[in-house]
Amino acid sequence: MIIVLKNHADPHKVEGLIRSLKGQGLGIHRSDGTQSTIIGLVGDTSKLDIDALQANELVQTVKRVSEPYKLANRKFHQDDTVIEVGGAKFGGGNFSVIAGPCSVESEEQIVSVAKKVKASGAKLLRGGAFKPRTSPYAFRGLKAEGIELLLIAKKETGLPIVTELTSLNHLHLYNDVDIIQVGARNMQNFEMLSELGKCNKPILLKRGLSSTIEELLMSAEYIMSEGNERVILCERGIRTFETATRNTLDISAVPLLKQLTHLPVVVDPSHATGNASLIMPLSKTAVVAGADGLMIEVHPDPPHALCDGKQSIRPDRFDGIMDSVKALCRMEGKVL
């Protein structure tokens, strides 16, 4: 349920109303927007007297929210949430690009890529330290050493780092990681999501391979319900009957999510297609569709990459993609 307050409502009376609602065992989410103030009620609202609330001098209108996700719902928070990390911003007209290799392989590799993607305009560095792989015999990352190498690259370039968490047993290693990524396979690892809701770090939440939009938003709700509202959603392609690409990029998910939620939405065309030749057109499509950022895999030598070389692009090609993205952002009025 949401309560929309009248403009210029007496702040002291508003606090009294909030105390009264809390006294009835309800969770309160207050959003002070540019046009109005909204009080979101979380919990059992079945016993509330809507007519009495509607008659309150402070209240403009009362609405029930039918969707199961509340905190992530744009009805609760009409203005875009803006998430800032080390100078990079997502949401509210801001656009940021995350770039780097699928997996961290060596200090030389990650530092060189970090310098090159920064020069091209990327605002954050990605790199896998712990890699969930379909085959147990595939390269599964340098693990703790990989995080140490990412931190060296961060020190060398100043780029905030983004890396995936595959197990809560490793969470203590992520103290200096700027954004924790929850991969597609862990999107519904509810124990992990709840624990990440207790930390004060932005969470990049990837859509599951076969997950619906509602399931993605409910996973975000798990994080937000524990107090961490710094969630960035990532559309990375879903599994369909099509085999020409690794996955199918659901580009319609971007404008749809922007309607349903106030959270920022980024697109990962690398995992969506598994094809380096498609990164340029889909990156441009993501900008026009309304995305708040991109996540692109960049490797200095894709044919010899230890992980996902087919979908990785070279730094010089990334530079060309960034030129196109910058031009489109200017046309769309986005701040890059």
Rounded to the nearest 0.5 Å, how far apart are CD of Gln24 and CZ of Arg19? 13.5 Å
Residues, nucleotides or ligands: over 12 heavy atoms within 6.0 Å of Glu107 CD: no
Using modelled atom types only, decide if a donor and an acceptor are shared between the side chain of Arg133 and the backbone of Phe139 within a distance under 3.5 Å. yes
Following the transitive rule for hydrophobic clusters with a side-chain heavy-atom cut-off under 4.5 Å over Ile, Leu, Val, Met, Phe, Trp and Tyr, establish whether Leu233 and Val85 coincide in one cluster. no
Check whether Leu26 and Leu5 end up in the same hydrophobic cluster, where Ile, Leu, Val, Met, Phe, Trp and Tyr are linked by side-chain heavy atoms less than 4.5 Å apart. yes
Under 4.5 Å between any side-chain heavy atoms of Asn200 and Arg230, yes or no? yes
Measuring from atom CE of Met331 to atom NZ of Lys334, what distance do you get when rounded to the nearest 0.5 angstrom? 12.5 Å
Between Lys201 (side chain) and Val177 (backbone), is there a donor-acceptor pair under 3.5 Å? yes
Inspect the surroundings of CZ in Arg239 and state if more than 12 heavy atoms from other residues, nucleotides or ligands are less than 6.0 Å away. no
Report yes or no: does Ser225 contribute a side-chain atom to a donor-acceptor pair with the main-chain N or O of Tyr222 at less than 3.5 Å? yes
Could you list the residues that satisfy salt bridge (charged side-chain N to carboxylate O under 4.0 Å, His left out) with Lys115, not counting sequence neighbours? Glu156
Do Leu124 and Phe90 pass the side-chain contact (heavy atoms from CB on, under 4.5 Å) test, and can you show the C-alpha distance, the side-chain angles, and the key distance before you say yes or no? CA-CA 11 Å; Leu124 303 100; Phe90 298 91; 3.5 Å; yes
Find out whether Gln311 and His271 are in side-chain contact, i.e. whether some heavy atom of one side chain is under 4.5 Å from a heavy atom of the other. yes
Run Ser96 and Glu84 through side-chain contact (heavy atoms from CB on, under 4.5 Å) and show every step you take. CA-CA 10 Å; Ser96 291; Glu84 183 172 2; over 6 Å; no
Are Leu205 and Leu263 side-chain neighbours, meaning at least one heavy-atom pair lies under 4.5 Å? no
Flag the pair Lys89 and Asp292 as a salt bridge only when some basic side-chain nitrogen lies within less than 4.0 angstrom of an acidic carboxylate oxygen. no
Check whether any side-chain heavy atom of Val4 lies under 4.5 Å from a side-chain heavy atom of Ile38, and answer yes or no. yes
Other residues, nucleotides and ligands only: do more than 12 of their heavy atoms fall within 6.0 Å of CD on Glu191? no
Quick one: do the Arg185 and Thr166 side chains pair a donor with an acceptor below 3.5 Å? no
Is there side-chain contact between Asp301 and His299, with heavy atoms separated by less than 4.5 Å? yes
With the threshold set at 4.0 Å, does a side-chain nitrogen-carboxylate oxygen contact exist between Asp308 and Lys131? no
Looking only at heavy atoms, what is the nearest atom pair of Ala184 and Arg207, with distance? CB-O, 3.3 Å
Take Val117 and Leu159 through the side-chain contact (heavy atoms from CB on, under 4.5 Å) test and state the conclusion after the steps. CA-CA 10 Å; Val117 299; Leu159 289 177; 4.2 Å; yes
NZ/Lys70 to CE/Met218 distance, rounded to the nearest 0.5 angstrom? 8.5 Å
Check whether Thr261 reaches the backbone of Ala72 with its side chain - one donor and one acceptor, N or O, closer than 3.5 Å. yes
Non-hydrogen atoms of Ser219 and Gln188 that approach each other most closely: OG-CG, 4.0 Å
Between Arg30 and Glu15, does a salt bridge (Lys or Arg N to Asp or Glu O under 4.0 Å) hold up when you go through it step by step? CA-CA 11 Å; Arg30 177 172 175 171; Glu15 290 301 322; 3.1 Å; yes
Any side-chain to backbone donor/acceptor pair from Arg126 onto Pro101? Under 3.5 Å, distance only. yes
Side chain of Glu164, backbone of Phe130: donor and acceptor closer than 3.5 Å? no
CD1/Ile321 to CD1/Ile313 distance, rounded to the nearest 0.5 angstrom? 3.5 Å
Starting at CZ of Arg74, measure out to CG of Asp79 and round the result to the nearest 0.5 Å. 8.0 Å
Mind checking whether Val288 and Val97 sit in one hydrophobic cluster, side chains of I, L, V, M, F, W, Y counted as touching below 4.5 Å? yes
Gln54 vs Thr61 side-chain heavy atoms within contact, under 4.5 Å: yes
Indicate the atoms forming the closest heavy-atom contact of Leu294 with Ala286, along with that distance. CD2-CB, 3.7 Å
Quick one: does Glu105's side chain have a donor or acceptor within less than 3.5 Å of a partner on Leu306's backbone? yes
Interatomic distance, Leu171 atom CG to Met192 atom CE [nearest 0.5 angstrom]: 8.5 Å
Can you find a heavy atom in the side chain of Tyr174 that is under 4.5 Å from one in the side chain of Thr163? yes
Please determine whether residues Ile83 and Leu216 belong to a single hydrophobic cluster, defined as Ile, Leu, Val, Met, Phe, Trp and Tyr linked transitively by side-chain heavy-atom distances below 4.5 Å. no
Of the options Thr245, Asp250, Thr248, which is the one that meets Thr240 in a side chain to side chain donor-acceptor pair (under 3.5 Å)? Thr248
How far apart are the closest heavy atoms of Ala9 and Leu58, and which atoms are they? CB-CD2, 4.0 Å
Residue pairs passing the ring pair (Phe, Tyr, Trp, His ring centres under 6.0 Å) test with at least one member in residues 229-256, sequence neighbours excluded, are none
Hey, does the side chain of Ser270 reach the backbone of Ile296 with a donor-acceptor pair shorter than 3.5 angstrom? no
Keeping Ser103 on the side-chain end and Gly128 on the backbone end, is there a donor-acceptor pair under 3.5 Å? no
Connected via hydrophobic side-chain network under 4.5 Å: Val265 and Val287: yes
Shortest non-hydrogen contact from Leu142 to Ser106? CD1-N, 4.4 Å
Checking Asn228 side chain against Lys198 main chain: does a donor-acceptor pair fall under 3.5 Å? no
Got a salt bridge between Lys310 and Glu297, using NZ or NE/NH1/NH2 to carboxylate O under 4.0 Å? no
Determine whether Arg317 and Ile279 satisfy the following criterion, side-chain contact (heavy atoms from CB on, under 4.5 Å), listing intermediate values before the conclusion. CA-CA 10 Å; Arg317 195 167 180 182; Ile279 305 305; over 6 Å; no
Counting only heavy atoms not in Glu108, do more than 12 fall under 6.0 Å of its CD? no
State, without any angle test, whether His77 and Glu229 hold a side-chain donor-acceptor pair at a distance under 3.5 Å. no
Tightest non-hydrogen contact, residues Phe76 and His29, listed as O-CD2, 4.1 Å
Within the 4.5 Å heavy-atom criterion, are Leu217 and Asn73 side-chain neighbours or not? no
Val162 pairs by side-chain contact (heavy atoms from CB on, under 4.5 Å) with which of Ile180, Leu125, Leu150, Ile179? Ile179
